[in-house]
Protein chains: 2
Amino acid sequence: MSTGQGQNGHGHGADRAAWAAHAEDALGQAGHRAGGARRAVVELLAAEDCCLTAQEIHDRLRADGRRAGLASVYRALEVLTALRLVHRLDLGGASARYEAADPSGEHHHHVVCRECGRVTPFADDELEEALGAVAERLSHQVDEHDILLRGRCADCRE
Amino acid sequence: MSTGQGQNGHGHGADRAAWAAHAEDALGQAGHRAGGARRAVVELLAAEDCCLTAQEIHDRLRADGRRAGLASVYRALEVLTALRLVHRLDLGGASARYEAADPSGEHHHHVVCRECGRVTPFADDELEEALGAVAERLSHQVDEHDILLRGRCADCRE
DNA sequence: GTTCCTGCAAAATTTTTGCATCAGT
DNA sequence: ACTGATGCAAAAATTTTGCAGGAAC
């Protein structure tokens with residue numbers, strides 16, 4: 001088959017723990033201090049399979065007992081995104097979504113159900129190849145891409 | 001070559017005029033009346049090559065002497081998007097962008113310069129093929145897709 | 001001890017909605 | 001005439017910023 005992750009975007013637990021460590025490390029290298037709110041965001045994103053909104057992150061942290069101000073969540077995401085440790089996506093909803101960005105470059109894309117709004121990750125090597133070829137022929141120095149598919153999911157099609 | 005539109009997304013003038021007529025028609029069929037603001041939005045989008053924000057549409061209409069309230073622009077875009085006459089995209093900026101959607105399904109995608117923010121359209125048939133293949137193997141009934149590339153444009157790379 | 005981080009509240013933006021009025025059919 | 005479309009202003013929702021206090025180094 002053509003994908004390294006199958007149809008869902010689950011990373012192995014080990015990868016995610018590694019990502020968290022890598023992120024903490026990169027933050028340190030970039031001259032940032034280790035505060036509680038940012039660490040909480042990193043740990044939450046490490047534990048999460050797919051993208052979350054800032055509000056969702058905030059809510060889950062509260063639910064987990066760690067509380068972090070929503071502004072701090074936004075600030076943490078801003079720094080993490082700038083360092084390319086986190087990927088920010090706009091799936092057309094009201095809020096932006098964020099997910100851990102694997103330093104190896106391995107990544108997935110998303111299908112959004114037009115009816116229920118559910119977001120499902122997928123990966124496909126041939127698609128990546130085609131994207132690479134396109135990037136070649138453009139005059140831009142392309143270093144990132146987002147693919148977003150829309151349609152009705154199996155459940156909503158019944 | 002692999003694209004029907006080359007590297008830029010210019011439609012021929014005739015296509016665009018046809019789109020405007022088609023849109024007016026579809027609006028009528030959907031039971032909408034022909035008001036001034038909505039017609040102005042349709043005509044502006046028909047004349048435009050690539051995506052615009054609601055605010056940009058509003059500003060250009062003012063500049064052209066046709067004035068339409070910003071709320072009416074949003075409402076027009078909402079209706080047009082629901083009828084699939086206009087495509088709404090989130091390129092990561094603060095505002096959503098809108099562009100005419102060709103009923104033939106012919107469409108283009110976008111590269112955004114990380115530095116200057118300029119949006120450039122492109123099209124690629126092999127990419128479309130790969131996307132079609134992905135859509136096949138997913139359990140979703142995919143009916144739309146957006147591709148967004150990011151990187152530095154030739155000008156910003158100098 | 002200095003400087004960054006955090007949280008709260010206020011502000012800035014973008015988009016939506018209420019309502020009175022105008023225009024299209 | 002009836003009903004949808006429009007414009008303005010107000011509201012809602014999301015994200016950013018100012019500032020005082022606390023934490024990290």
Side-chain angles (χ1 to χ4, degrees), chain A residues 23-44 51-62 64-83 85-98 117, chain B residues 23-45 51-83 85-98 117:
Chain A
E24 296 288 4
D25 195 52
L27 284 166
Q29 298 253 329
H32 292 285
R33 291 180 184 172
R38 191 151 54 206
R39 181 180 298 121
V41 170
V42 167
E43 288 176 13
L44 177 58
C51 49
L52 296 175
T53 65
Q55 186 65 59
E56 282 167 353
I57 292 171
H58 177 250
D59 292 345
R60 296 204 188 190
L61 289 179
R62 294 215 92 128
D64 288 359
R66 329 185 57 159
R67 63 197 138 72
L70 182 56
S72 298
V73 171
Y74 273 108
R75 279 189 279 232
L77 292 171
E78 183 187 9
V79 171
L80 291 165
T81 302
L83 292 176
L85 294 166
V86 159
H87 193 72
R88 178 198 154 131
L89 348 134
D90 268 305
L91 301 187
S95 323
R97 290 178 167 274
Y98 302 83
Chain B
E24 297 289 4
D25 195 53
L27 284 167
Q29 298 254 328
H32 291 284
R33 292 179 181 173
R38 190 152 53 208
R39 181 181 296 121
V41 171
V42 168
E43 289 177 10
L44 176 58
L45 286 179
C51 50
L52 296 175
T53 64
Q55 186 66 58
E56 282 168 353
I57 293 171
H58 178 250
D59 292 345
R60 296 203 190 192
L61 289 179
R62 293 214 92 127
D64 289 358
R66 327 186 58 158
R67 62 197 138 69
L70 182 55
S72 298
V73 171
Y74 274 109
R75 277 190 278 233
L77 291 171
E78 183 187 8
V79 171
L80 290 165
T81 302
L83 291 175
L85 295 165
V86 159
H87 193 72
R88 178 198 154 131
L89 354 132
D90 268 305
L91 302 187
S95 323
R97 292 178 165 274
Y98 302 84

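The chains referred to below are lettered A, B, ... by the order of the sequence lines, with proteins before strands, and numbering in each begins at 1.
Each end of the helix from dG1(C)-dC25(D) to dT25(C)-dA1(D) gets its own rotation axis from five pairs of C1' atoms, and the angle between them is 30° to the nearest 10 degrees.
Between Leu27(B) and Val79(B) the shortest heavy-atom distance is CD2-CG1, 3.7 Å.
Note: CD (Glu24(A)) to P (dC5(C)) measures 12 Å, nearest angstrom. Leu77(A) places its CG atom 11 Å from the C1' atom of dT15(D), with the value rounded to the nearest Å. One interatomic measurement links the two molecules: CG of Leu61(B) to C1' of dA5(D), which rounds to 15 Å at whole-angstrom precision. Rounded to whole Å, atom P of dT16(D) lies 15 Å from atom NE2 of His58(A). We find that CG of Leu52(A) is positioned 15 Å from P of dT14(D), with the value rounded to whole Å. The nearest whole Å value for the distance from the CZ atom in Arg38(B) to the C1' atom in dT3(D) is 13 Å.
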Base versus backbone protein contacts along nucleotides 15-25 of chain C [heavy-atom cut-off under 4.0 Å; B, S, -] = SBBB----BBS
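Partners of Ser95(A) by side chain to side chain contact (heavy atoms under 4.5 Å, CB included), not counting sequence neighbours, listed by chain and number: Thr53(A). Taking the side chain to side chain donor-acceptor pair (under 3.5 Å) definition, one finds that His32(B) meets it with nothing, sequence neighbours left out. For Arg60(A), the side chain to side chain donor-acceptor pair (under 3.5 Å) test picks out Glu48(A), with sequence neighbours left out. Among residues two or more places apart in sequence or in another chain, the side chain to side chain donor-acceptor pair (under 3.5 Å) test is passed with Asp25(B) by none. Residues passing the salt bridge (Lys or Arg N to Asp or Glu O under 4.0 Å) test with Glu56(B) are Arg97(B), sequence neighbours excluded. A search for side chain to side chain donor-acceptor pair (under 3.5 Å) contacts involving Asp59(B) returns Gln55(B), not counting sequence neighbours.
Using a 4.0 Å cut-off, some side-chain N or O of Ser72(A) falls inside it from OP1 or OP2 of dG7(C).
Counting only residues at least two apart or in different chains, salt bridge (Lys or Arg N to Asp or Glu O under 4.0 Å) contacts with residues 65-75 of chain A comprise Glu43(A)-Arg66(A).
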